[in-house]
Amino acid sequence: MPELLPYTEAGAGVPLLLVHGFPHDRRLWQPQLEGLGHSAHVIAPDLRGFGKAPAAPVDITLEDHAADLKALLDHRGIARAVICGLSMGGYIALAFVARYPAMVRKLILCSTKAGADTAEAKEGRMAMAQRIRHEGVAPLAEAMLPKMLSPSTRTERPEVAASVRTMMATQDPQGLIAALHAMAARQDRTAMLASIIAPTRIIAGSADKVIPRSEGEAMAKAIPRSDLIMIPDAGHLPNVDAPAAFNGAVRGFLAGMK
Ligand code: MLT
């Protein structure tokens, strides 16, 4: 059964649903909640198992997360929205568009990819889950920080780096373990890209160390009505590394929508 997710919202206008990645929660979208409220009705939930959301069962799937998002839109009386997913949030956005295509007015895929995990990637996730069981979440947060943000954010805006570190370090270990299993089991969505009818904007950081820019370039080739905005020098979280550029890319994509 879908769960009603906690969320933060800002602004008015076209509904824009922001789906966070791993191991994040809705705090990831603070620069968008602050910067996009004049252009859209921004809605940022915590996914099940993250932030203040209900705990996730160990066998939760990305399709379950997509069903939770649909339940949230239903609850808010929103029939169609712009769906924006970052990284794991992008995997979930692709599951959402596969299952509920009529609810997607436009799609934004950020720092993400369509393919499934390789055997090696799955092993890496199981090793990470084991590490979380033994050591907790804090060491993982410390190790992941350099992969998330650009060097300039980390040195010139230490308070931003600290808040991303805190967001990651305060996640529920069981939620992260469930998400690792869900990502390892996710479907390959490559074949469905050609059938996406929603106008799609792909946003990537040119210096992303988690998901290479080539993945964004490949999706832009495969999705019919798509374009690609590459944000220079941004890492895996371009919405945090370069909020003005990211928000500008979203604002431009929403321009003219009512
Ligand atoms: C994320 O940022 O959501 C994750 O790095 C995605 C992944 O591990 O595949």
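Ligands are counted one by one from 1 in listed order, and the atoms in each one are counted from 1 as well.
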4.5 Å side-chain heavy-atom contact, Leu237 and Leu86: yes
Do Arg27 and Thr170 have side-chain atoms, one donor and one acceptor, less than 3.5 Å apart? yes
Is the terminal nitrogen or CZ of Lys70 (NZ for Lys, CZ for Arg) located under 6.0 angstrom from the six-membered ring centre of Phe96 and within 45° of that ring's axis? no
Is a donor from one side chain sitting under 3.5 angstrom from an acceptor on the other, for Asp241 and Ser150? yes
Between His20 and Phe50, does the ring centre distance come in under 6.0 Å? yes
Between Phe246 and Trp29, how do the two ring planes meet: parallel, tilted or perpendicular, split at 30° and 60°? tilted
Hey, what polar pairs (N/O, under 3.5 Å) does ligand 1 make with protein?
from: ligand 1; atom 1: 2 (O); to: Phe22; atom 2: O; distance (Å): 3.2
from: ligand 1; atom 1: 2 (O); to: Ser87; atom 2: OG; distance (Å): 2.8
from: ligand 1; atom 1: 2 (O); to: His236; atom 2: NE2; distance (Å): 2.7
from: ligand 1; atom 1: 3 (O); to: Phe22; atom 2: N; distance (Å): 2.7
from: ligand 1; atom 1: 3 (O); to: Ser87; atom 2: OG; distance (Å): 3.0
from: ligand 1; atom 1: 3 (O); to: Met88; atom 2: N; distance (Å): 2.8
from: ligand 1; atom 1: 8 (O); to: Arg125; atom 2: NH1; distance (Å): 2.9
from: ligand 1; atom 1: 9 (O); to: Tyr91; atom 2: OH; distance (Å): 2.5
from: ligand 1; atom 1: 9 (O); to: Arg125; atom 2: NH2; distance (Å): 2.8

